[in-house]
Amino acid sequence: MEEQEVNQSCENGRRNGEAEQEEDSALQFLDSIDSYLCLMDSLSSTLREGWLELASARHSMGISRITNVLLDLKPHSAATTIKVSSHVFESSSTEDPMVRQPHITLSKWSSFKDGKGCFGEAVAGEEEFKNKSQNPQLRHRNPSQFPEFQEAHTSSEGASLSADDEAKKERTKSLSVFGTLVSPKLRAAQHSFESVLEILVEIANKRSLLVWDALGMEDDGVPWWVLGW
Amino acid sequence: MYGFEALTFNVHSGYLEAIVRGYRSGLLTAADYNNLCQCENLDDIKLHLSATEYGPYLQNEPSPLHTTTIVEKCTLKLVDEYKHMLCQATEPLSTFLEYITYGHMIDNVVLIVTGTLHERDVHELLEKCHPLGMFDSIATLAVAQNMRELYRLVLVDTPLAPYFSECITSEDLDDMNIEIMRNTLYKAYLEDFYRFCQKLGGATAEIMSDLLAFEADRRAINITINSIGTELTRDDRRKLYSNFGLLCPYGHEELAVCEDIDQVRAVVEKYPPYQSIFAKMSYGETQMLDKAFYEEEVKRLCLAFEQQFHYAVFFAYVRLREQEIRNVMWISECVAQNQKSRVHDSVVFIF
């Protein structure tokens, strides 16, 4: 009798643990969707702002100074590149025990002198991804509550100064097709479109994580049609 | 004290002054702009403009319209009016009218040279040139490799030839050299126009001196702001400022060493006519600077019509039309991008 009660209480504990795990997965998934939708809104507003700033620059500098016929057709290397990598994770699924999750890293204003690329920003993106994937957590809406994030940021500031100078030179060089003395409005438009690139890469990675979270929920027994896929 | 222009002006230029004053009455009013600002799409803009003097130029344009098409057709109207005045003008008014177009000629030369440097086709570059700045041998600009060849092969037979004496070098044309060439040519043009107007004397000299001095000062401020953070040295920047204007010479000395917008503001605010311009903006901001300058320019251009018997009305009319075309372009862009809330960021009302 006592043995039966012990077995029953163990069974109840296991079920409660599974239920909590399912709830955590569902909350994580909803959190990911929320951040994905926020990114889409941010993309739309930043893109609109960029196009209007470009129109404002044309209005300020004149239509003959900002026109598509001035774009350079000479062969030149890309100023910004993306790197797609795959991270392999173990899955409890019997169909595919090794799951490959793609991750995109953006390298802005890569310097291709001497055949070497400058991937300072890309390295930071990869480390963040590895930490997140090994220790999945609910998204925190107010990162300023965590001082360790701020300390890590300030320690990397000194190393990024030379990369900033290089990026500034590359930005100026890419705008030089419209002339060397361009309006601050054109620089603002360039900055907006640069932000759009970053958001697009974030969206792509977020979608990849959404698929990962959805697979996690399926493993927990939540049917795929509940997820709306 | 003016000469006796009232006795002799109308003999040669009375008809054209009447024509230009008639053209001025056709400029868009605040009511027209309010209607345009409420349009939902570019076809609505075309509909509203068809009730104005732009109607005949836009009525045959098929949908869907683009903002560049609207701007091109509005510019065609200005060109037709200018050519009508030029073919009726006698000296010295004809020379004065030609001076008005030299700025566009400089822009076209730089467009062709820059586009050729970027391996673009000459024909597509010619399509983008401003019609007021066209001249016969403009397509030949594409063969020049440096400024010496540019001058020797093409520009020696154009009105821009005298302006090249300060920038003839054998250095290859690159982005920085082209920019310096553009600004050096424009500086020489403004100074030459200023001297010409001074020679004409009377009300023309007085009013045009004020308008050209404002233009020179605005250019100096824009060059300073646009060169902040670039490779342009202080000496090179100083060389691009014109040798006349309210800011010359002490303001120019201070502008040459400015490193940010707030320093520029501190320099320019010492001059009362420009204090009101920067008073409209907050510190560190440059977004509204263009609009503030355009508003001040429009105010001065409208004042030119308050006097008679001078040539400045022709200059003022062309500049007011160009401002109107900029307004229509901005409104069209805001409507096309569905950002009508931002339409009043850059529209400058003329009346």
Side-chain angles (χ1 to χ4, degrees), chain A residues 41 43-77 79 109 161 164-193 196, chain B residues 67-68 71-72 75 104 107-108 110-111 114-115 117-121 124-130 133 174-180 182-183 222-232 237 240 261 285-287 289-291 294 325-327 329-330 332-334 336-339 342 345-346:
Chain A
D41 278 343
L43 174 70
S44 171
S45 61
T46 309
L47 207 50
R48 277 164 62 85
E49 189 65 30
W51 281 117
L52 193 70
E53 280 159 356
L54 186 62
S56 181
R58 286 190 85 214
H59 176 269
S60 168
M61 292 171 62
I63 53 176
S64 66
R65 288 204 61 186
I66 300 187
T67 167
N68 58 345
V69 298
L70 287 176
L71 296 176
D72 201 340
L73 288 185
K74 287 189 286 195
H76 53 273
S77 24
W109 309 113
L161 278 176
D164 282 346
D165 288 340
E166 192 65 36
K168 191 176 169 187
K169 271 168 63 175
E170 291 292 325
R171 281 191 188 100
T172 307
K173 188 179 159 191
S174 72
L175 277 186
S176 65
V177 292
F178 300 117
T180 313
L181 303 180
V182 296
S183 164
K185 293 178 183 176
L186 190 63
R187 298 184 205 279
Q190 183 188 45
H191 185 262
S192 294
F193 289 128
V196 161
Chain B
T67 53
T68 48
V71 170
E72 274 172 25
T75 305
H104 293 298
D107 288 339
N108 287 350
V110 173
L111 176 70
T114 306
L117 191 70
H118 298 157
E119 296 186 2
R120 302 303 298 241
D121 182 50
E124 62 177 347
L125 293 169
L126 288 173
E127 284 174 10
K128 294 290 182 180
C129 288
H130 197 289
D174 62 19
D175 291 324
M176 178 58 88
N177 288 342
I178 289 174
E179 191 70 40
I180 291 177
R182 181 211 307 270
N183 286 286
N222 281 335
I223 286 170
T224 308
I225 292 173
N226 293 348
S227 62
I228 290 171
T230 67
E231 293 174 354
L232 193 71
R237 187 197 284 180
L240 298 180
I261 181 65
E285 183 210 342
T286 57
Q287 294 294 327
L289 184 63
D290 286 325
K291 183 178 178 183
Y294 284 137
I325 292 171
R326 272 195 294 273
N327 287 345
M329 181 187 86
W330 178 251
S332 304
E333 285 283 355
C334 289
Q337 295 184 26
N338 200 19
Q339 299 231 42
R342 302 287 296 272
D345 284 1
S346 294

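Letters go in sequence order (proteins before strands), and every chain restarts at 1.
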Is there a side-chain contact between B:Arg120 and A:Asn68 (heavy atoms, below 4.5 Å)?
-> no
What residue in A:Gly179, A:Gly62, A:Ser56, A:Ala188 has the most heavy-atom pairs under 4.5 Å with chain B?
-> A:Ser56
Looking at B:Glu333 and A:Arg48, does any basic side-chain N land under 4.0 Å from a carboxylate oxygen?
-> no
Atom group of B:Met176 that falls short of 4.5 Å from chain A, counting heavy atoms | both
Does A:Lys185 pair with B:Asp290 as a salt bridge, N-O distance under 4.0 Å?
-> yes
Non-hydrogen atoms of chain A under 4.5 Å away: do they reach the side chain of B:Ser346, the backbone, both or neither?
-> both
Out of B:Leu232, B:Thr224, B:Ile225, which one pairs with A:Leu181 under the side chain to side chain contact (heavy atoms under 4.5 Å, CB included) rule?
-> B:Leu232
In terms of heavy-atom pairs under 4.5 Å, which option from A:Lys74, A:His59, A:Glu53, A:Arg58 contacts chain B the most?
-> A:His59
Got a second to check how far B:Asn338's CG is from A:Leu52's CG, nearest 0.5 Å?
-> 11.0 Å
Are any of the side-chain heavy atoms of A:Arg65 and B:Arg182 separated by less than 4.5 Å?
-> yes
What distance do B:Arg326 atom CZ and A:Ser60 atom OG have between them, rounded to the nearest 0.5 Å?
-> 9.5 Å
The interface call for A:Thr67 against chain B, heavy-atom contacts under 4.5 Å, is side chain
Closest heavy-atom pair, A:Leu73 versus B:Glu119, reported as atoms and distance to 0.1 Å, is CD1-O, 3.7 Å
Should B:Leu111 and A:Val69 count as side-chain neighbours, where that means a heavy-atom distance under 4.5 Å?
-> yes
Indicate yes or no: does A:Glu49 engage B:Arg342 in a salt bridge with an N to O separation below 4.0 Å.
-> yes
Work out which heavy atom in B:Asp107 is nearest to a heavy atom in A:Ser64; give both atom names and the distance.
-> CB-OG, 4.1 Å
Closest non-hydrogen contact found for A:Lys168 with B:Gly229 is CE-O, 4.3 Å
Taking all heavy atoms of B:Val71 and all of A:Ile63, pick out the closest pair and write down the distance.
-> CG1-CD1, 3.7 Å
Does a sphere of radius 6.0 Å around NE2 in A:His191 hold more than 12 heavy atoms from other residues, nucleotides or ligands, not counting ones at 6.0 Å or beyond?
-> no
Within-4.5 Å side-chain heavy-atom neighbours: B:Asn226 and A:Pro184 = yes
OG (A:Ser176) and CD (B:Glu231) are apart, to the nearest 0.5 Å, by 9.5 Å
Please flag which part of A:Arg187 lies under 4.5 Å from any non-hydrogen atom of chain B: side chain, backbone, both or neither.
-> side chain
